[in-house]
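Any value given below was found using the heavy atoms of this structure, including those in side chains, with hydrogens, waters and symmetry copies removed. Residue numbering restarts at 1 for every chain, and letters A, B, ... go by the order of the sequence lines.
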Number of protein chains: 2
Amino acid sequence: MLSPEEWTLNKSSQTPLHQQIYEYIQSKIMNGEWSIGTRIPAQRDLAKKFQVNRSTIVYALGELTADGLIESKVGKGTIVVNNTWSLLASTPPPDWNSYVKSGSYQPNIQIIQDINKAETNPKIIRLGTGELSPELLPAEKMQQMFQSRSRMFSLGYSEPKGSIHLRELLSEYLKAKGIIASPSSILIVSGGLQALQLISLGLLHRGSTIFLETPSYLNSVHVFQSAGMNLFGIPMDHEGLLTDSLGRFKRQHNGALLYTIPSFHNPTGMLMSSNRRIDLVNVCKKERLPIIEDDVYGDLWFDRSPPAPLKAIDNQGLVLYMGSMSKTVGPGLRIGWIVGPEPVIDRLSDIKMQTDYGSSSLSQFAVAEWLSSGFYDEHIKKIRAELKCRRDFTIDILNAHFKDLASWNIPEGGFYIWLCIHKQIPIRKLFAKALNEGILLNPGNVYVRNDQQHLRLSYCYASLGQLKKGLIRLSELIQELSK
Amino acid sequence: MLSPEEWTLNKSSQTPLHQQIYEYIQSKIMNGEWSIGTRIPAQRDLAKKFQVNRSTIVYALGELTADGLIESKVGKGTIVVNNTWSLLASTPPPDWNSYVKSGSYQPNIQIIQDINKAETNPKIIRLGTGELSPELLPAEKMQQMFQSRSRMFSLGYSEPKGSIHLRELLSEYLKAKGIIASPSSILIVSGGLQALQLISLGLLHRGSTIFLETPSYLNSVHVFQSAGMNLFGIPMDHEGLLTDSLGRFKRQHNGALLYTIPSFHNPTGMLMSSNRRIDLVNVCKKERLPIIEDDVYGDLWFDRSPPAPLKAIDNQGLVLYMGSMSKTVGPGLRIGWIVGPEPVIDRLSDIKMQTDYGSSSLSQFAVAEWLSSGFYDEHIKKIRAELKCRRDFTIDILNAHFKDLASWNIPEGGFYIWLCIHKQIPIRKLFAKALNEGILLNPGNVYVRNDQQHLRLSYCYASLGQLKKGLIRLSELIQELSK
């Protein structure tokens, strides 16, 4: 609620600090930004935020209480109870807080909220973040592209399925992966998460079940659960998702779809083998179980490209295929794509039009230029080499400091190492302790419920220096908590 | 389904036309793009699309039927019944069509789908389209901006509420309208429609009711209905929405929110008077009925700026205020904003993060540069003058050709004239007849159910030549149908 970016105390001012704080909060309340019922942050947090003594905060809040603007309520903290208008009149304002608690959408799970919050601190060492480090994002190249290109971009709406020029280029791009898709069976979306949201709103009944790997990225978001669907985890072995029981599970659990990340799985970094892919497609054909194939990491291989995507094996429109520029060129573009049977793409396109009228045409233009100019191929080669080097660096640190504490896989692409700690430890405590020291972790329980043994490590975000420092300290923290 | 953009017949080829069509459709079926259950377009439509005789189509479809790939079913048209894989195996593929019929989201209403489809024809005269003509969009200026600016943009995710730099600039921009909003009470969204979707997912219960003007833009989208809410129309007079019965309606209909477009209302072009604004805010305060103020047209005034927004009158966080760049700089940017009490903005921001991880940072960068460089002010002045000239031109045509047929308002800003035809006529027939002659209309029943008397005219899209030609022909069509 109090963004340091927005306002800071003027410590050289004549106005006392408590008065500055009083005036700041008062203005927030008076203009309705902190509406009635809003909870004021705890005194301790305020003191930390403004870097003042707690007594200064106590003084400022005391003034506000005397004004009748806020009130301490037992068990509820300090709440805004009045503002300009309500002090003058007798009817209370609308209770926004009851609205905030309404709505079909569930709030993000707590630990994700904590992670999102911690990520706003630029000094924190992020050992689990699943996005390319800012230094790996090709902002300069992108700027160069905008400066050199003479082709005009459009500021109007694009076609309902997205820019036809971009879809034609993607059709070519997908051909190289063995996927035959004409532009009309491709929908441009604002990233992979939106693809999932459109599927949940457009193709599924409440009460149906989505199968997914255990663990899975999908457990960290609420996109299907908020639409009234259930998630059901399928175990994996070293080749990927186990297919033996899929048919039985489908019948038992009203299975509607299977969601899988065959290449450089999030969070385990696993690569599904070629045989398992064929097996999975065959089982799903037999069981008439459609597949969502999430291939956002597919281009990030190190030594050899992954086996053909499921979509390339699929010859009957069983697979909805998802790709994205978020993990390769930059998440800020917010451009991804869904490929599938035309009636499905038509339906998803209609819903996309109803939710946001399409994706940014500026971003679509940029991605099209990126693909057609050869910049993409050039850039992705560089990223592969960088990531491989970072993986090797990280594995070396693990070998040196985690040998007795944990085991791990060596990923052949993507961002992630799934660290399995030998002893069960209180993961929440580890998370809090590390955070306190400026190290942000992605605990396993984000990806599989009640997990107490895993961490998702990523070598794509933190600098090499940070990786080293953070991982060594992490090994010590794990040691302490294992005792 | 058959985009002319995607494939055309090669009329100079040695391969007979029917064979080309046969091979094209066969490949669509074989690679799963036209999955089993997909309906093949009618013979007449195919003949028109490919510009061949119907007999050529009959021949090609006959071959596909003989192959066992398609089948004519009484009352269902021609359906894909087999493909490569299903011809080889005995189990049928998943029935995607049953999935397409599932999902909580309703399809777009038919006439909107028809309009969207007709809009893909670049030759059509669009008399009702609510977006700036491509020639009014500042694509060149935008390109210039990208080429001249040396400030770097980020390709990473922006902050959860959107780029802080952009929110600071918006805070300044809003101040000029009398709205006090700090960056933390502003959320960047991908356009106004997404703002409404976030509100429907985040703040409302199923079964609650949204009040709105009669007629209203909101009737043309499904965003609240798909989330299980009802819409209830409130009549307007020449000063705007009537407020007398709001309290009673709220109690009778489980009213949760009021949605209004006070400035240059869509579709009527009406401007709510200053007195009515004050009255509305007071009534809603009294009734504790929160307001969504849609102000996407607010900057598009001709002679004088509109009265202060409701949000500027509101001193207790009653109003959620929406703005956008779509109607002024370009819809392709997909950038809008919501301003409101912080707990509400925090909640909507959390849902936004869960649905698409934020808006394009490229678009956010562009809007920020546009605002900070003074380009926006310069551009909006030009657009105001252009629109005013187009309004005058259109009113002159109406005076010359519609005097005996209809009445209308003279808008003081925005895009729209609400044409009231004196006699009730079969509007659907008028729509179809006009479309047949290459003129696209936005009939009143898009904005108010069962309306048979109104058209939303807009002077922002078609060229002056098109406006003249289209409107004169429209007057003749209305005359014919009024007989």
Side-chain angles (χ1 to χ4, degrees), chain A residues 1 3 5-6 31-33 35 38 83-85 93-94 96 99-100 102-103 105 107-108 134 137 139 146-147 152 155-157 164 180 182-185 190 193-194 197 201-205 286 288 290 315-317 330-332 334 341-344 347 350-351 355-357 360-363, chain B residues 3 5-6 31-33 35 38 83-85 91 93-94 96 99-100 102-103 105 107-108 134 137 139 146-147 152 155-157 164 180 182-185 190 193-194 197 201-205 286 288 290 315-317 330-332 334 341-344 347 350-351 355-357 360-363:
Chain A
M1 274 176 61
S3 5
E5 70 217 8
E6 181 184 317
N31 64 38
E33 289 185 27
S35 50
T38 300
N83 57 24
T84 334
W85 183 82
W96 274 117
Y99 284 83
V100 168
S102 304
Y105 236 78
N108 245 322
L137 297 177
F146 268 106
Q147 279 167 359
M152 276 296 264
L155 288 171
Y157 290 111
I164 175 67
I180 308 296
S182 50
S184 55
S185 64
S190 303
L193 185 60
Q194 187 181 53
Q197 213 219 358
L201 292 176
L203 300 180
L204 298 171
H205 287 293
K286 181 160 161 280
R288 306 186 69 191
N315 54 7
Q316 64 163 13
R334 308 310 309 122
E342 270 188 51
V344 177
R347 165 79 170 148
D350 181 56
I351 296 170
T355 53
D356 66 4
Y357 286 133
S360 161
S361 50
L362 211 52
S363 284
Chain B
S3 6
E5 70 216 10
E6 182 184 316
N31 65 36
E33 290 186 26
S35 51
T38 300
N83 57 23
T84 337
W85 182 82
T91 37
W96 274 117
Y99 283 83
V100 167
S102 304
Y105 235 79
N108 245 322
L137 297 177
F146 268 107
Q147 279 167 0
M152 277 295 264
L155 289 170
Y157 290 110
I164 174 67
I180 308 296
S182 50
S184 56
S185 65
S190 303
L193 184 60
Q194 187 181 55
Q197 212 219 0
L201 292 176
L203 299 180
L204 298 171
H205 286 294
K286 181 160 161 279
R288 306 185 69 190
N315 55 6
Q316 64 164 15
R334 310 307 311 121
E342 270 188 50
V344 177
R347 165 76 170 149
D350 181 55
I351 296 171
T355 53
D356 67 3
Y357 285 133
S360 160
S361 51
L362 210 52
S363 284

Visitor: Can you tell me which of B:Gln194, B:His205, B:Arg347 forms the most heavy-atom pairs within a distance under 4.5 Å of chain A?
Guide: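 If we count pairs closer than 4.5 Å to chain A, B:Arg347 comes out on top.
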Visitor: Minimum heavy-atom separation for B:Gln197 and A:Leu201, please, with both atom names.
Guide: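 Shortest heavy-atom separation between B:Gln197 and A:Leu201 comes out as NE2-CD1, 3.8 Å.
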Visitor: Any donor-acceptor pair under 3.5 Å linking the side-chain atoms of B:Glu342 with those of A:Thr38?
Guide: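 Short answer, no.
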Visitor: If you count heavy-atom pairs within less than 4.5 Å of chain A, which of B:Thr355, B:Ile180, B:Ile351 leads?
Guide: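 Most heavy-atom pairs within the cutoff with chain A belong to B:Thr355.
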Visitor: Check whether B:Pro134 gets within reach of chain A through its side chain, its backbone, both or neither, counting any heavy atom under 4.5 Å.
Guide: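 It is neither, since no heavy atom gets under 4.5 Å.
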Visitor: Where is the tightest heavy-atom contact between A:Ile164 and A:Pro183, given as atom of each residue plus distance?
Guide: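 Looking at all heavy atoms of both residues, the shortest contact is CD1-CB, 3.8 Å.
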Visitor: Specify which of A:Pro341, A:Gly330, A:Ser363 makes the most heavy-atom pairs with chain B at under 4.5 Å.
Guide: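 Going by pairs under 4.5 Å, I would pick A:Pro341.
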Visitor: I'd like to know whether B:Ser190 forms a side chain to side chain contact (heavy atoms under 4.5 Å, CB included) with B:Asp356, so could you lay out the CA-CA distance, the side-chain angles of the two residues, the decisive distance to 0.1 Å, and finally the verdict.
Guide: CA-CA 10 Å; B:Ser190 303; B:Asp356 67 3; 3.9 Å; yes
